[in-house]
Amino acid sequence: MQAQVPAPAPWTCRVMNSLCRIERSAQEDPHLLAGECVAPSVLTVLKAGAAAPTHRQGAVIAIGNFDGLHLGHQQMLRAVVTEAERSDRTPGVLTFHPHPRQTFARTSPFALSSTRAKLDLIQAEGIRAAFLQRFNRRICAMSPDTFVAEVLARQLRASQVFVGEDFHFGHKRAGDVGLLSRLGEAFGFTVTAMAAFRDPTGAPYSSTRVRDALRDGDPRSAAALLGRSWRTTMKRHGAHQFRFGHLLRPPAGIYRVEVRAAPTGPALTKTAWLSGGEGGGEPLLTLGSGGVGERQSTLIVDWLDRL
């Protein structure tokens with residue numbers, strides 16, 4: 001006998017060109033995210049607490065942070081898309097913002113990608129529904145049973161859930177894959193636990209390895225794990241300087257980068273100097289004069305190598 005699933009919260013979602021707006025009832029929990037989320041129009045994006053619209057219910061869902069979307073993440077999402085196509089369901093993800101490690105610890109900039117960039121990468125893998133869960137103390141305090149009942153069953157109405165084999169969830173990470181599978185049986189969804197995908201040396205792909213490579217000033221090794229160059233969107237700070245925002249920052253040095261004004265625009269390879277944030281200031285990327293970057297307020301930078 002399946003556990004009874006409560007009715008979803010009274011949210012609605014309208015996809016309007018590139019804008020997905022979540023409208024809340026006055027009774028909505030104030031701890032949950034509000035406002036607007038920019039995302040590609042083919043990707044339905046719901047924020048925390050939003051019930052999946054009818055055409056997205058019963059989705060095949062991958063759960064994870066997906067920071068940077070490295071090659072291991074990509075393999076999992078492709079498995080989700082394949083299963084969703086086989087069962088004629090929507091391929092989706094449940095992901096978190098901010099990263100759990102940033103919620104409770106004072107860390108230096110940590111993220112490999114912004115939420116918008118992460119959504120773009122997820123969509124490129126064929127995912128059609130993204131559920132953004134704000135990771136805060138309320139979510140952290142949820143028991144594993146409550147998380148499954150409220151999020152996976154009531155809000156998402158998932159039909160199948162994909163996780164890594166070392167997946168843990170709920171308060172103090174008390175839930176594991178075994179418990180998730182048992183709760184899935186009670187609430188009517190199946191669970192697929194995937195082994196870690198490994199590189200040619202046998203080491204597992206991970207966001208931690210990508211961060212370590214970038215902190216060592218080695219964007220080439222990071223690219224081997226990501227399957228593409230690490231990309232940042234930077235905002236102008238001066239005549240030829242650009243700032244990182246809240247993303248991870250490599251060490252000071254001279255780098256070879258590709259810059260462009262738009263994601264699909266023409267690229268120009270440049271030599272750039274990254275400062276070390278001397279005197280407690282923010283590290284800045286300085287580009288030489290000429291070409292892309294002269295007038296743009298924001299710039300897309302692909303990190304190729306350290307010189």
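Using a 3.5 Å distance cut-off with no hydrogens or angles, the side chains of R236 and S297 do not pair a donor with an acceptor. Looking only at atom types and distance, the side chain of T95 has a donor-acceptor partner in the side chain of K118 under 3.5 Å away. Side chains of H240 and T286: no donor on one and acceptor on the other come within 3.5 Å.
Ionic pairing of E185 and R182 is not present here: no N-O contact between side-chain nitrogen and carboxylate oxygen is shorter than 4.0 angstrom. Remark: R138 engages E150 in a salt bridge, criterion side-chain N to carboxylate O under 4.0 Å.
Residue E258 holds its CD atom at 4.0 Å from OG1 of T269, rounded to the nearest 0.5 Å. Rounding to the nearest 0.5 angstrom, the gap separating the CD atom in E85 from the CD atom in E83 is 10.0 Å. Separation of atoms CG (L183) and OG1 (T146) is listed at 10.0 Å; rounding is to 0.5 Å. To the nearest 0.5 Å, atom CG of residue L119 and atom OG of residue S114 are 8.5 Å apart. Separating the NZ atom in K172 from the OG atom in S143 is a distance of 13.0 Å, to the nearest 0.5 Å. Once rounded to the nearest 0.5 Å, the distance linking OH of Y255 with CG of L304 reads 12.5 Å.
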Self-check item: Trace of the side-chain contact (heavy atoms from CB on, under 4.5 Å) decision for V163 with F169
Solution: CA-CA 11 Å; V163 295; F169 64 104; over 6 Å; no
Exercise. Could you give me the CA-CA distance, side-chain angles and deciding distance for F167 and L180, then say whether side-chain contact (heavy atoms from CB on, under 4.5 Å) is met?
Key: CA-CA 9 Å; F167 178 70; L180 182 63; 4.0 Å; yes
Quiz item: Given the rule in the side chain to side chain donor-acceptor pair (under 3.5 Å) test, do T115 and H97 qualify, once you have shown the distances and angles that lead to the verdict?
Solution: CA-CA 8 Å; T115 299; H97 175 78; 3.1 Å; yes
Quiz prompt | F131 and V93: CA distance, side-chain angles, deciding distance, side-chain contact (heavy atoms from CB on, under 4.5 Å) verdict | solution = CA-CA 6 Å; F131 304 96; V93 299; over 6 Å; no
Exercise. Evaluate the criterion side chain to side chain donor-acceptor pair (under 3.5 Å) for residue pair D199 and T201; output intermediate values, then yes/no.
Key: CA-CA 5 Å; D199 68 15; T201 71; 2.6 Å; yes
Quiz item: Going through the checks in order, is the side-chain contact (heavy atoms from CB on, under 4.5 Å) test met by D218 and R306?
Solution: CA-CA 6 Å; D218 188 3; R306 189 178 186 182; over 6 Å; no
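Nearest approach of F189 to A158, heavy atoms of both residues: CB-O, 3.3 Å. When all heavy atoms of L274 and P251 are compared, the pair lying nearest together is CD2-O, 3.4 Å. Looking at every heavy atom in both residues, R89 comes nearest to S159 through CD-OG, 3.1 Å. Minimum heavy-atom separation, A224 to Y205: O-CE2, 4.2 Å. Across all their heavy atoms, S229 and W303 have their closest contact at CB-O, 3.7 Å. The heavy-atom pair separating P204 from R209 by the smallest distance is O-NH1, 2.9 Å.
At least one donor-acceptor pair closer than 3.5 Å links the side chain of H168 to the backbone N or O of D166. D176 contributes a side-chain N or O that, together with a main-chain N or O of G178, makes up a donor-acceptor pair within less than 3.5 Å. Remark: side-chain polar atoms of S207 are paired, donor with acceptor, to backbone N or O of D67 under 3.5 angstrom. In this structure a side-chain-to-backbone donor-acceptor pair under 3.5 Å is missing from R260 to P266. R56 places a side-chain N or O within 3.5 Å of a backbone atom of R128 that can act as its donor or acceptor partner. Looking at Q57, its side chain never comes within 3.5 Å of a backbone N or O of Q155 through a donor-acceptor pair. For the pair T190 (side chain) and Q160 (backbone), a donor-acceptor distance under 3.5 Å is absent. Not one N or O on the side chain of T90 forms a donor-acceptor pair closer than 3.5 Å with the backbone of A59.
Taking the side chain as every heavy atom from C-beta outward, L226 and L71 never approach each other to under 4.5 Å. L69 places a side-chain heavy atom less than 4.5 Å from the side chain of L77. The side-chain heavy atoms of I139 and Q133, taken from C-beta on, include a pair separated by under 4.5 Å. Proximity of M76 to E125: side-chain heavy atoms (C-beta onward) are nowhere separated by under 4.5 Å. Considering only heavy atoms from C-beta on, I127 comes within 4.5 Å of V80 through its side chain. The shortest side-chain heavy-atom distance between I63 and I61 falls under the 4.5 Å cut-off. Side-chain atoms of L299 and T233, non-hydrogen and from C-beta on, never get closer than 4.5 Å to each other. No side-chain heavy atom of D302 sits less than 4.5 Å from a side-chain heavy atom of V257.
No continuous path of hydrophobic side-chain contacts links L247 to L285 [ILVMFWY only; heavy atoms under 4.5 Å]. Note on I122: it clusters hydrophobically with F197, by side-chain heavy-atom contacts below 4.5 Å among ILVMFWY residues. Criterion: ILVMFWY side-chain heavy atoms under 4.5 Å apart, direct or through other members. Under it, L179 and F187 are part of a common hydrophobic cluster.
Aromatic pair F242/W273: centroids not less than 6.0 angstrom apart.
The aromatic rings of F244 and W230 lie parallel to each other, with less than 30° between the two planes, well short of the 60° mark.
With a 6.0 Å cutoff to the six-membered ring centre and a 45° limit on the axis angle, R211 counts as a cation-pi contact of F110.
The environment of R78 atom CZ is dense: over 12 non-hydrogen atoms of other residues, nucleotides or ligands sit within 6.0 angstrom.
Partner R231 forms a side chain to side chain contact (heavy atoms under 4.5 Å, CB included) with one of L112, D120, I300 and no other, that one being I300.
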